[in-house]
Amino acid sequence: MTIQTSLGDIFKTYGSERPIFKEKETLSIKFTPENTPHREKQLKQVALILAPLLRNDKPSNIFIYGKTGSGKTLVVRSVVDNLLGTINKGNIPVKIFYINCKMKKITDTEYRLLAQLVSNFGEEVPYTGLPTSEVYKRFYELLDKENQNVVLVLDEIDALVKKIGDGILYNLTRINQDLEKTKLTLIGISNDLSFIDELDPRVRSSLSEEEIIFPPYNANELRDILTERANLAFNPGVISSKVVAKCSALAAQEHGDARRALDLIRIAGEIAERKDSKKVEEIHVDMAESKLDTDRILEILRTQPKQSQVVFKAILQSHKKGNTNIQTGDVYDLYTNICAKNNLNPLTQRRVSDLIAELDMFGIINAKVLSKGRYGRTKRIKVNLPKSLVENIEGSILREFY
DNA sequence: AGTCCACAGGAAGGGCAGGCGA
DNA sequence: TCGCCTGCCCTTCCTGTGGACT
């Protein structure tokens with residue numbers, strides 16, 4: 001058989017038969033389901049707060065808090081979709097914009113966020129070059145062009161404030177004083193509750209005129225959500241309640257993260273599909289779990305700058321020598337060695353210290369500040385990755401370094 | 001009680017690339 | 001082309017620190 005025909009066979013069976021999935025998209029985080037189980041209360045709260053829009057009044061600003069995958073974005077999007085439907089029918093001048101503040105290179109600086117806001121109004125600003133005040137000015141002008149209500153949903157607002165401070169929020173919460181025609185309402189969504197305490201008190205009080213808290217889902221609630229989605233996504237009889245329960249339980253351990261639960265069940269389905277299985281089994285869920293972690297780490301490492309990869313290589317070298325108590329100084333010595341062998345200019349220890357902190361933040365390594373009295377203060381670095389993954393990383397991403 | 005280690009991590013600023021308007 | 005602005009990466013300089021040792 002030629003390659004062409006055998007490939008043809010694969011695509012033919014793959015394209016025509018879908019024994020596992022009925023509609024996989026329903027497991028995507030982009031999908032907005034009709035029901036939002038266990039979030040009825042929050043849904044109603046958000047809807048009531050935003051309802052004045054229908055009478056062309058300005059609603060209160062809202063601050064929404066809850067861990068990742070607790071349904072915040074889903075609820076807001078669901079209310080907004082509904083609202084927009086009614087608004088469009090009634091010809092009410094309302095614009096609602098959703099911005100994720102954690103998008104690297106898109107919304108992670110004051111300038112870029114403003115540029116993004118401006119582009120929402122259909123105008124473009126250059127990626128860089130203009131003074132920030134100029135971008136502000138353009139935003140004001142666009143905003144105040146006509147009589148209208150504008151709602152700005154700022155998702156992952158804590159990430160933004162951690163990076164650039166609360167200056168921009170101060171400006172946005174004060175903006176209504178300067179606007180003549182437009183009324184601006186802010187909806188801030190955060191994963192981190194303590195974040196609100198670090199804000200300027202004036203920003204805090206105006207941003208959280210209304211506060212809504214999303215508690216994490218427990219395993220039972222996750223199971224309800226997952227069952228509903230699984231019924232949409234999978235063909236009948238493909239997935240048992242036991243498998244759904246397993247995904248829910250695993251995700252419940254991760255602070256009740258529904259996104260994680262959906263990812264798990266989707267990947268498990270894909271694995272089952274690839275293995276030509278007629279059903280999704282528990283073993284597929286186990287495989288999905290390790291695949292999710294592995295993929296995440298590989299992806300992060302791959303997109304790290306060279307220097308950061310070299311630092312990680314130095315850590316791995318020390319780790320493989322059986323050193324369970326790796327410290328910054330050791331890593332730095334190994335790092336400079338690797339740099340010398342590879343003709344790279346080594347960075348300073350200060351910078352390497354930051355890179356180590358970054359790797360820790362990504363969860364690739366575990367670094368803890370440790371005082372050893374007489375013997376100084378340092379970070380104790382641990383590598384908690386499976387051996388197979390370490391080998392995989394060394395064979396692919398770190399291969400280019402000696 | 002005081003010393004001192006081996007860093008942590010904050011602050012300031014240099015240098016670069018990309019981009020603007022004049 | 002020039003002067004100015006931005007973000008980003010990095011260095012330099014600095015102060016802070018928990019606890020073993022004296």
Side-chain angles (χ1 to χ4, degrees), chain A residues 99-119 121 123-142 156 159-169 171-172 194-195 198 200 300-315 317-319 323-340 342-383 401:
Chain A
I99 297 219
N100 187 330
C101 303
K102 215 181 172 178
M103 306 259 284
K104 239 188 158 183
K105 310 269 178 196
I106 299 178
T107 51
D108 55 353
T109 67
E110 185 173 19
Y111 184 99
R112 286 176 179 158
L113 180 70
L114 286 167
Q116 193 64 27
L117 290 173
V118 169
S119 84
F121 281 93
E123 286 215 6
E124 292 304 322
V125 250
Y127 294 119
T128 164
L130 294 180
T132 312
S133 57
E134 172 63 26
V135 191
Y136 256 118
K137 206 179 118 213
R138 290 197 198 174
F139 175 58
Y140 280 135
E141 282 167 11
L142 284 167
E156 314 235 24
L160 180 76
V161 170
K162 256 181 215 137
K163 191 131 192 247
I164 60 167
D166 56 8
I168 185 159
L169 287 184
N171 289 339
L172 287 176
S194 64
F195 144 85
E198 289 154 27
D200 182 314
I300 291 171
L301 276 175
R302 192 170 295 122
T303 51
Q304 284 305 296
K306 219 174 209 178
Q307 294 285 4
S308 183
Q309 293 177 350
V310 175
V311 170
F312 186 63
K313 187 176 173 87
I315 294 171
Q317 270 187 5
S318 191
H319 171 71
N323 191 349
T324 50
N325 202 1
I326 312 169
Q327 55 187 59
T328 309
D330 307 339
V331 172
Y332 191 68
D333 288 345
L334 287 169
Y335 160 80
T336 44
N337 277 338
I338 300 173
C339 282
N342 289 278
N343 258 337
L344 288 166
N345 283 331
L347 303 172
T348 55
Q349 182 157 328
R350 176 73 188 82
R351 180 67 189 140
V352 168
S353 166
D354 277 346
L355 292 179
I356 291 173
E358 245 171 62
L359 289 172
D360 177 39
M361 202 189 66
F362 287 132
I364 294 171
I365 59 170
N366 192 302
K368 206 177 155 198
V369 179
L370 190 73
S371 260
K372 299 191 297 168
R374 180 94 254 205
Y375 306 102
R377 227 161 93 91
T378 180
K379 267 183 184 152
R380 191 187 56 204
I381 300 162
K382 281 186 177 169
V383 182
F401 308 113

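Just so it is clear, the values below take in all heavy atoms, side chains as well, and ignore hydrogens, waters and symmetry mates. In what follows, chains carry the letters A, B, and so on, assigned in the order in which the sequence lines appear, proteins first and then strands, with residues in each chain numbered from 1.
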Phosphate OP1/OP2 of [N] contacted by [X] side-chain N/O (<4.0 Å):
X	N	value
A:Q327	B:dA6	no
A:T328	B:dA8	yes
A:K379	B:dG9	yes

Whole-Å gap separating [atom2] ([N]) and [atom1] ([X]):
X	N	atom1	atom2	value
A:N325	B:dA6	CG	C1'	14 Å
A:E358	C:dC9	CD	C1'	11 Å
A:I356	B:dA6	CD1	C1'	13 Å
A:K368	B:dA8	NZ	C1'	15 Å
A:L114	C:dC5	CG	P	17 Å
A:K306	C:dC9	NZ	P	16 Å

Query - Contacts of type side-chain hydrogen bond (donor to acceptor under 3.5 Å, both in side chains), residue A:D333, not counting sequence neighbours - result: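 side-chain hydrogen bond (donor to acceptor under 3.5 Å, both in side chains) check on A:D333 returns nothing, list empty.
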**Report entry** Set of side-chain hydrogen bond (donor to acceptor under 3.5 Å, both in side chains) partners for A:T336, sequence neighbours left out
**Finding:**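 By the side-chain hydrogen bond (donor to acceptor under 3.5 Å, both in side chains) rule, A:T336 matches no residue at all.
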Query raised in the report: Is A:L359 close to A:V311 at the side-chain level, that is, under 4.5 Å between some pair of heavy atoms?
Result: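 A:V311 vs A:L359: side chains touch.
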Query - A:D330 side-chain N/O to A:I326 backbone N/O, donor-acceptor pair under 3.5 Å - result: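 No, the answer is negative, given that no donor and acceptor are paired below the 3.5 Å cut-off.
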Query raised in the report: Counting distance only, does the side-chain N/O of A:Q309 pair as donor-acceptor with the main-chain N or O of A:Q304 below 3.5 Å?
Result: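 Present.
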Query raised in the report: Nucleotide by nucleotide, 5' to 3', does protein get under 4.0 Å of the base (B), only the sugar-phosphate (S), or neither (-) in nucleotides 10-20 of chain C, counting heavy atoms?
Result: SSB---BBBBB
Query raised in the report: To the nearest 0.5 Å, how far apart are CD1 in A:I381 and CD1 in A:I356?
Result: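 Taking CD1 in A:I381 and CD1 in A:I356, the distance rounds to 4.0 Å.
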